[in-house]
Protein chains: 2
Amino acid sequence: MTLNKDTFTGEYQYSLDSKGRVNIPAKFRQSLSKKNQNTFVATRGQDPCIWVYPISEWKKIEDELRNLSSVSGVHRTFIRQIARSATPSTCDKQGRITISPSLISYAQLDKDALILGMINKIEIWNPSTLDKVDKKNINNDINELNALADKIVI
Amino acid sequence: MTLNKDTFTGEYQYSLDSKGRVNIPAKFRQSLSKKNQNTFVATRGQDPCIWVYPISEWKKIEDELRNLSSVSGVHRTFIRQIARSATPSTCDKQGRITISPSLISYAQLDKDALILGMINKIEIWNPSTLDKVDKKNINNDINELNALADKIVI
DNA sequence: GATAATTACCCACAATTCACCACAATCTTA
DNA sequence: TAAGATTGTGGTGAATTGTGGGTAATTATC
């Protein structure tokens, strides 16, 4: 038994260069290169960070959105939020992807980019933003956090 | 009848070398090598130590995380806490795994590494930290400890 | 249509990581 | 008890990885 190829774990600190490129951890690249053409889709996260999906995961989201009725205004806004910032991009020969300026400003990325494996997707953070968000969640919901740990950690 | 192959017991004192490698007790390796899965996933323990899961156990956790909805901020923080420090690694030819720097500092590992079999997983401790934590737990919860013993020890 | 600006693609290099080898200490077995 | 096998620890060289920059191709602007 081996690890699921599409499972992302670990944290990596890289730099965002002057052209808006970030490295994708080699371990993440390997997972994908065999199946597809190491292609990712980057979009706005629910938190102030960037979510990067491998193409297989993104297709699932795309299908869900496709099935959403466009009658409701909320639905349309929801679709807009995700779709308008979704940008497919492939790794260059050095294993980097280029982040669009609008995503960079959304995640408030500066020189340092912290990359987190989040099981089925990848997150790109400004390290200081991440600290604040997690600290806030922990303070507000320590009980639920402990309940989750009780249930899942073995 | 033999012991369950995935059951880890015993304690072993090894050294953490300058490259962050620790030996995995031969007995633990044997348990897993037959199925060709001498692969482990190391992550933060609930205590200040490292938890090392055989791949089969880790998959259970991974599946739980995958099924958690990403709508709630606490959920995302929870996934982050576990996933970001999770590092899969396989034994090298000498039977060692490499521990990531962030896990080393989390467990405050120095030169000595104490490895404990914990039934379904392995713990890696700085010996002096373990003493303190266990002593504290015993002082705080001696009653519950005795109750557990009453219930389980036969 | 010519020029400027942006983007995509490629190369180079330093630093790190990984796979392998060697060896001493311990344990097994005959 | 002796010989062989196994186990724990250190180190070395080759391959990989992360980062910066340069040139060609593409797009945009006037």
Side-chain angles (χ1 to χ4, degrees), chain A residues 2-3 8-34 37-42 52 85-105 109-117 122 124-127, chain B residues 8-34 36 38-42 52 85-105 109-117 122 124-127:
Chain A
T2 62
L3 254 188
F8 305 104
T9 62
E11 70 181 302
Y12 307 83
Q13 181 131 14
Y14 296 133
S15 59
L16 184 77
D17 71 15
S18 56
K19 295 181 187 174
R21 297 176 296 187
V22 242
N23 197 51
I24 296 293
K27 288 185 183 170
F28 294 175
R29 279 179 258 151
Q30 288 167 353
S31 316
L32 302 162
S33 55
K34 285 163 193 167
Q37 323 71 1
N38 58 359
T39 302
F40 298 89
V41 176
V52 183
S85 61
T87 46
S89 63
T90 62
C91 290
D92 65 18
K93 237 178 184 174
Q94 278 61 37
R96 295 169 291 193
I97 59 172
T98 303
I99 310 288
S100 71
S102 82
L103 282 177
I104 288 179
S105 79
L109 287 187
D110 195 25
K111 196 164 175 357
D112 294 320
L114 187 65
I115 300 196
L116 301 184
I122 302 164
I124 304 179
W125 285 86
N126 177 326
Chain B
F8 305 105
T9 61
E11 72 178 299
Y12 307 83
Q13 180 130 12
Y14 296 132
S15 60
L16 183 78
D17 72 15
S18 57
K19 295 185 192 167
R21 296 177 295 189
V22 242
N23 198 51
I24 295 294
K27 287 187 182 170
F28 293 176
R29 279 179 257 152
Q30 287 167 354
S31 315
L32 302 163
S33 59
K34 284 165 191 165
N36 260 338
N38 57 346
T39 303
F40 298 88
V41 176
V52 184
S85 63
T87 46
S89 64
T90 62
C91 292
D92 65 16
K93 244 180 181 172
Q94 280 61 35
R96 296 168 291 192
I97 60 172
T98 302
I99 310 289
S100 71
S102 79
L103 282 177
I104 289 179
S105 79
L109 286 186
D110 196 25
K111 196 165 176 357
D112 295 320
L114 187 65
I115 300 197
L116 303 183
I122 302 164
I124 304 179
W125 285 86
N126 177 326

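Between A:Leu114 and A:Pro127, some side-chain heavy-atom pair lies under the 4.5 Å cut-off. Side-chain contact between B:Lys27 and B:Tyr12: present, with at least one pair of heavy atoms (C-beta onward) separated by less than 4.5 Å.
Rounded to an integer number of Å, the gap from A:Leu16 CG to D:dG18 C1' is 14 Å. The distance from atom CG of B:Asp17 to atom C1' of D:dG10 is 7 Å, rounded to the nearest whole Å. Atom-to-atom, CZ of B:Phe28 to P of D:dT7 comes out at 14 Å; the value is rounded to the nearest Å. We find that CZ of A:Arg21 is positioned 12 Å from P of D:dG22, with the value rounded to whole Å. Computed from coordinates, the B:Tyr14 OH to D:dT7 C1' distance equals 8 Å when rounded to whole Å. In this structure, B:Gln94 places its CD atom 11 Å from P of D:dG8, rounding to the nearest Å. Taking atom CG of A:Asp92 as the reference point, atom C1' of D:dT19 lies 11 Å away to the nearest angstrom. As rounded to whole Å, 6 Å separates atom P of D:dT19 from atom CG of A:Asn23.
Under 3.5 Å, the side chain of B:Arg29 and the base of D:dG8 form no donor-acceptor pair of N or O atoms. For A:Arg96 against D:dG20, a side-chain N or O and a base N or O form a donor-acceptor pair under 3.5 Å. The base of D:dG22 lies close enough to the side chain of A:Lys19 for a donor and an acceptor atom to sit less than 3.5 Å apart.
Without hydrogens or angle criteria, B:Thr87 side chain to B:Ser100 main chain gives no donor-acceptor distance under 3.5 Å.
Taking the six-membered ring for Trp and the full ring otherwise, B:Phe40 and B:Phe28 have centroids separated by 6.0 Å or more.
Taking a heavy-atom distance under 4.0 Å as the criterion, the stretch of DNA chain C touched by chain B extends 5' to 3' from C:dC18 to C:dA22.
For A:Lys111, whose side chain is taken as the heavy atoms from C-beta onward, the closest listed nucleotide among D:dT7, D:dG20, D:dG10 is D:dG20.
The distance from the OG atom of B:Ser102 to the CD atom of A:Glu11 is 5.0 Å, given to the nearest 0.5 Å. Separating the CG atom in B:Leu109 from the NZ atom in B:Lys111 is a distance of 12.5 Å, to the nearest 0.5 Å.
Atom CD of A:Gln13 has more than 12 heavy atoms from other residues, nucleotides or ligands within 6.0 Å.
Scanning all heavy atoms of the two residues, the minimum distance from A:Thr98 to A:Lys19 falls at CG2-O, 3.9 Å.
Residue contacts for A:Thr98: at a heavy-atom cut-off of 4.0 Å it reaches no nucleic acid atom on any strand shown.
With B:Leu16 as reference, B:Ile104 is the one residue of B:Ile104, B:Asn23, B:Asp112 to meet the side chain to side chain contact (heavy atoms under 4.5 Å, CB included) rule.
Rounded to 10 degrees, the angle separating the terminal helix axes of the helix from C:dG1-D:dC30 to C:dA30-D:dT1, each built from five base pairs, is 40°.
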